[in-house]
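Read through the structure below, which is laid out as structure tokens, and then see the notes.
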Protein chains: 2
Amino acid sequence: MTQTATGEDARSRVERAALELFTSRGFDAVTADEVAETAGISRRTFFRYYPTKADAVWGDFAAHVGRLERLLRAADGARPVLATICAAYAEVNGYGDADLPVLRQRMRLILTEPALQAHSQLRYAEIDRVVAEHVARCTAEDPAALLPRLVAASTRAAATSAFAAWLADERTDLGDQLRRAFDELAGGFPSLPG
Amino acid sequence: MTQTATGEDARSRVERAALELFTSRGFDAVTADEVAETAGISRRTFFRYYPTKADAVWGDFAAHVGRLERLLRAADGARPVLATICAAYAEVNGYGDADLPVLRQRMRLILTEPALQAHSQLRYAEIDRVVAEHVARCTAEDPAALLPRLVAASTRAAATSAFAAWLADERTDLGDQLRRAFDELAGGFPSLPG
DNA sequence: TTGCTCCTGGCACTGGGTGCCACTAGCCTC
DNA sequence: GAGGCTAGTGGCACCCAGTGCCAGGAGCAA
């Protein structure tokens with residue numbers, strides 16, 4: 001029940017400390033002890049909040065996946081599958097302007113730090129499962145069949161590419177990049193020569 | 001210079017031991033010491049052959065990437081980009097029947113063991129870089145732009161989905177799955193309803 | 001033989017992650 | 001208010017991946 005004067009709870013304090021330290025000194029150069037100490041808790045408690053050092057940058061990712069799943073289940077069945085998935089991704093990643101700096105910080109870490117890049121695959125797998133199940137419902141197939149897997153993996157590829165392009169150019173809008181990527185995917189890459 | 005009676009060199013012995021042990025007991029339950037001991041070398045030497053425990057299952061992956069890069073550079077510029085990439089993937093993954101069991105074992109580990117799944121992202125990034133550079137050459141764009149990234153990430157998604165589907169059903173042919181996945185991608189997912 | 005280089009193994013150390021236990025704060029019940 | 005329950009916390013010890021350092025030994029050249 002201990003809280004700081006700011007009223008921020010321990011979990012958020014850990015996340016903020018992790019983002020700040022990893023950004024300024026690099027993921028590998030910061031020990032879990034340092035993050036814990038900065039957040040004002042013990043190393044042991046740190047690993048109770050987040051099962052690995054890498055998880056500290058992801059915030060409440062389970063809620064993220066949960067929202068995506070609910071959106072897909074509630075989606076209009078008459079709409080094209082890719083359009084549904086694109087809309088769900090855009091909705092789930094529709095941050096307000098105030099949250100964009102933190103999102104940038106988080107995504108920059110995830111996309112550039114090798115250890116976090118590796119770890120991200122485990123988080124993405126949860127998203128892929130949810131999307132593949134949605135496609136399987138739409139096509140009356142096994143979620144493990146080629147098409148559901150492929151749609152899940154390539155729409156996620158679209159999302160991460162959009163994030164990367166958005167990070168690379170400060171002036172662009174994340175939603176625009178997402179839609180551009182999904183348009184290329186749905187249209188069989190019209191911008192490609194040949 | 002020490003060799004066993006079989007004439008197999010130490011590096012291959014390590015790889016075989018790793019695949020065998022990881023398959024039978026799981027990646028996390030096997031220590032690097034055990035792999036080293038089974039291969040007849042010290043733990044210290046193990047980490048000179050392979051920088052991480054996970055790398056031991058990948059064999060000579062740098063050569064793999066090198067071959068892919070050479071194929072893409074030598075490709076017919078008039079051909080559609082996706083067709084070129086598909087052909088290069090198929091060529092690089094064109095194993096003889098004798099090698100298929102080991103390939104299956106390797107891919108099953110990489111796609112099912114969480115630690116290896118995470119690690120794979122680092123290896124895939126090398127492939128993505130090569131493919132993105134190829135696309136950038138074809139479109140006169142920056143490799144970091146949205147389209148090159150997207151094509152690289154989604155063709156890799158196609159390849160891994162094909163691998164997964166091939167693993168799930170023993171009777172299918174890897175090349176067929178690859179072509180099916182790329183056809184869906186190039187055609188804007190014609191098999192999808194809507 | 002001496003000297004050089006390369007490969008190897010042993011040793012000690014850092015750091016992530018975990019199991020176990022003891023302590024404390026709150027809270028409920030009698 | 002006393003006793004007992006539970007949840008959160010921290011400390012400690014341990015395992016294991018990975019690394020730097022150094023000492024040996026094999027092979028080769030002069």
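Lettering follows sequence order; numbering is per chain, from 1. In this text, all values refer to a predicted model and were calculated from it rather than measured experimentally.
By the 30° and 60° cut-offs, the orientation of the rings of Phe22(B) relative to Phe27(B) is perpendicular. Ring pair Phe61(A)/His64(A) is parallel by interplanar angle, where below 30° counts as parallel and above 60° as perpendicular.
Salt bridge Arg123(B)/Asp55(B): present, at least one basic N to carboxylate O contact under 4.0 Å. In summary, Arg25(A) and Glu34(A) engage in a salt bridge, as defined by a charged side-chain N under 4.0 Å from a carboxylate O. In summary, Glu91(A) and Arg67(A) do not engage in a salt bridge, as defined by a charged side-chain N under 4.0 Å from a carboxylate O.
DNA chain C lies under 4.0 Å from at least one heavy atom of each of the following residues of residues 19-32 of chain A: Val30(A), Thr31(A), Ala32(A). For the segment residues 46-59 of chain A, residues with any heavy atom less than 4.0 angstrom from an atom of DNA chain C are, sorted by number, Phe47(A), Pro51(A), Thr52(A), Lys53(A). Contacts between residues 119-126 of chain B and DNA chain C, defined by a heavy-atom separation below 4.0 Å, involve no residue at all.
Relative to the ring axis of Trp166(B), Arg171(B) does not place its NZ or CZ within 45° and under 6.0 Å from the centre.
The base of dG17(C) does not come close enough to the side chain of Arg44(A) for any donor and acceptor atom to sit less than 3.5 Å apart. Under 3.5 Å, the side chain of Arg43(B) and the base of dG18(D) form at least one donor-acceptor pair of N or O atoms.
Residues Thr172(B) and Asp169(B) bring no donor and acceptor atom of their side chains to less than 3.5 Å of each other.
Remark: C1' of dG15(C) and CD of Glu37(A) are 16 Å apart, rounded to the nearest angstrom. Separating the CZ atom of Arg11(B) from the C1' atom of dC7(C) is a distance of 15 Å, rounded to the nearest angstrom. In this structure, CD of Glu34(A) is placed 14 Å from P of dT14(C), rounded to the nearest angstrom. Taking atom CG of Asp33(B) as the reference point, atom C1' of dC16(D) lies 8 Å away to the nearest angstrom.
OP1 or OP2 of dT9(D) has not a single side-chain nitrogen or oxygen of Thr45(A) nearer than 4.0 Å.
The nearest pair of heavy atoms linking Glu141(B) to Pro148(B) is OE1-CD, 3.7 Å. Heavy atoms only, all atoms of each residue included: Ala32(A) and Arg43(A) are closest at CB-NH1, 4.3 Å.
Annotation for Arg106(A): atom CZ counts as buried by contact number, over 12 foreign heavy atoms lying within 6.0 Å.
Hydrophobic cluster membership differs between Leu167(A) and Leu146(B), with clusters built from Ile, Leu, Val, Met, Phe, Trp and Tyr side chains linked at under 4.5 angstrom.
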